[in-house]
Amino acid sequence: IDIKDGYSFIVEYNKAYISIKENTVEYCYELSLDNRVEIMGKYVLYFSKNEPINNEKYIKLCYNDLKLPFSIRNRKEGDTIRMNFGNKKVSRLLIDQKVEKEKRDTLPLIFDNCGDLLWVYNYAKNIDVINQKNIGNIYLVCEERKND
């Protein structure tokens, strides 16, 4: 709940507190086959024809079924992802996975050009991505840069 003068009243995990309202930096990028996207110096996303051999996270996609361009943005109220048991709110997914609040607001979400959420980076893949036939494979790679 927003309170005056930049403060918020927050209830989480059966605890309530007042906090200074954080100004989350919103972002939205477009990703196609021929470009790379760097997000806040922390994530780099790109397509590759070869399976990554390093520790990068990736999802395997069917080249023939790509609905480009993809959009990459941080989460918004009401975002949901299709999973094997039905739709799940991204906010609930990240809470269940015990992701820190600061990271929840900056984590990249990858959408196709129809607006379907394909991947919550490092936490969930859309059931359609998991069940695809993978004919004409291409990899969507996300490198996470560590802050030193």
Side-chain angles (χ1 to χ4, degrees), residues 1-2 6 8-13 17 19-148:
I1 301 171
D2 290 333
S8 295
F9 180 74
I10 300 170
V11 178
E12 289 181 329
Y13 306 109
Y17 57 94
S19 174
I20 297 174
K21 188 174 178 183
E22 297 177 20
N23 292 327
T24 303
V25 176
E26 292 187 19
Y27 61 83
C28 185
Y29 297 96
E30 205 169 86
L31 179 67
S32 60
L33 292 175
D34 58 352
N35 72 327
R36 297 169 66 96
V37 171
E38 184 171 333
I39 302 169
M40 301 181 328
K42 186 167 185 176
Y43 304 101
V44 177
L45 289 103
Y46 57 91
F47 287 101
S48 174
K49 293 179 183 175
N50 303 314
E51 184 173 354
I53 54 174
N54 296 330
N55 291 328
E56 294 97 357
K57 306 281 192 232
Y58 63 90
I59 57 173
K60 194 180 207 180
L61 298 167
C62 178
Y63 182 87
N64 299 320
D65 293 337
L66 290 178
K67 297 173 185 157
L68 295 173
F70 284 2
S71 60
I72 303 164
R73 65 170 173 79
N74 50 340
R75 71 185 176 116
K76 293 183 180 176
E77 185 73 28
D79 284 338
T80 59
I81 186 166
R82 286 193 41 197
M83 302 184 81
N84 59 350
F85 51 81
N87 291 340
K88 184 159 187 158
K89 285 187 174 185
V90 171
S91 59
R92 186 79 246 163
L93 171 81
L94 297 176
I95 290 169
D96 291 348
Q97 293 286 328
K98 302 201 182 331
V99 178
E100 307 87 35
K101 182 164 178 22
E102 301 78 33
K103 189 170 184 176
R104 286 184 229 156
D105 292 333
T106 60
L107 206 62
L109 306 182
I110 293 83
F111 296 83
D112 66 12
N113 73 349
C114 295
D116 294 326
L117 178 54
L118 302 178
W119 189 24
V120 177
Y121 169 71
N122 207 22
Y123 292 100
K125 297 175 188 173
N126 186 310
I127 189 66
D128 296 334
V129 170
I130 295 168
N131 291 337
Q132 66 187 337
K133 294 181 180 119
N134 295 323
I135 299 169
N137 293 332
I138 192 163
Y139 300 90
L140 174 57
V141 181
C142 183
E143 297 176 10
E144 187 171 354
R145 300 205 171 142
K146 304 293 181 195
N147 293 337
D148 297 330

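Not measured: the values here are computed from a predicted model.
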*Asks:* Of all residues at least two apart in sequence or in a different chain, which pass the salt bridge (Lys or Arg N to Asp or Glu O under 4.0 Å) check with Asp112?
*Replies:*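 With sequence neighbours excluded, Asp112 shows a salt bridge (Lys or Arg N to Asp or Glu O under 4.0 Å) to no residue whatsoever.
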
*Asks:* Salt bridge check, Glu144 against Lys103: does any charged N sit closer than 4.0 Å to a carboxylate O?
*Replies:* yes

*Asks:* Check this for me: does any side-chain nitrogen of one of Lys76 and Glu26 sit under 4.0 Å from a carboxylate oxygen of the other?
*Replies:* no

*Asks:* Mind listing the closest non-hydrogen atom pair of Ser91 and Arg75 along with its distance?
*Replies:*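 Where Ser91 meets Arg75 most closely, the heavy atoms are CB-NH1, 3.6 Å.
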
*Asks:* Taking side chain as C-beta onward, heavy atoms only, is Tyr29 less than 4.5 Å from Arg73?
*Replies:* no

*Asks:* Kindly indicate whether the side chain of Leu117, heavy atoms from C-beta on, has any atom under 4.5 Å from the side chain of Val90.
*Replies:*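 In short, these two side chains touch, coming nearer than 4.5 Å.
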
*Asks:* If you look only at distance, which donor and acceptor atoms sit under 3.5 Å apart when one is on a side chain in residues 57-71 and the other is two or more places apart or in another chain?
*Replies:*
| from | atom 1 | to | atom 2 | distance (Å) |
| --- | --- | --- | --- | --- |
| Tyr58 | OH | Glu51 | OE2 | 2.7 |

*Asks:* Does this structure show an ion pair linking Lys89 with Asp79, if we count only N-O contacts that are shorter than 4.0 Å?
*Replies:*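 No, Lys89 and Asp79 are not salt-bridged.
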
*Asks:* Consider only side-chain N and O atoms of Ser48 and Asn50, and report whether a donor and an acceptor are under 3.5 Å apart.
*Replies:* no

*Asks:* Who pairs with Tyr121 by ring-ring contact (aromatic ring centres under 6.0 Å, His included), at least two apart in sequence or on another chain?
*Replies:*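 Once residues adjacent in sequence are excluded, the partners of Tyr121 under the ring-ring contact (aromatic ring centres under 6.0 Å, His included) criterion are Tyr43, Trp119.
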
*Asks:* State, with a plain yes or no, whether a side-chain heavy atom of Tyr27 is found less than 4.5 Å away from one of Pro108.
*Replies:*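 The answer is yes; the side chains approach within 4.5 Å.
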
*Asks:* Is Lys125 close to Leu118 at the side-chain level, that is, under 4.5 Å between some pair of heavy atoms?
*Replies:*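 Leu118 vs Lys125: side chains apart.
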
*Asks:* Look at Asp96 together with Lys88 and state whether they make a salt bridge at an N to O cut-off of under 4.0 Å.
*Replies:* yes

*Asks:* Report yes if the side chains of Ile95 and Arg104 come closer than 4.5 Å at any heavy-atom pair, otherwise no.
*Replies:*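 Touching, per the 4.5 Å side-chain cut-off.
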
*Asks:* A side-chain contact here means heavy atoms from C-beta on lying under 4.5 Å apart; do Ile110 and Leu45 qualify?
*Replies:* yes

*Asks:* Leu109 vs Ile72, test: side-chain contact (heavy atoms from CB on, under 4.5 Å). Steps then yes/no.
*Replies:* CA-CA 6 Å; Leu109 306 182; Ile72 303 164; over 6 Å; no

*Asks:* Could you tell me whether the side chain of Leu107 reaches within less than 4.5 Å of the side chain of Leu94, counting heavy atoms only?
*Replies:* yes

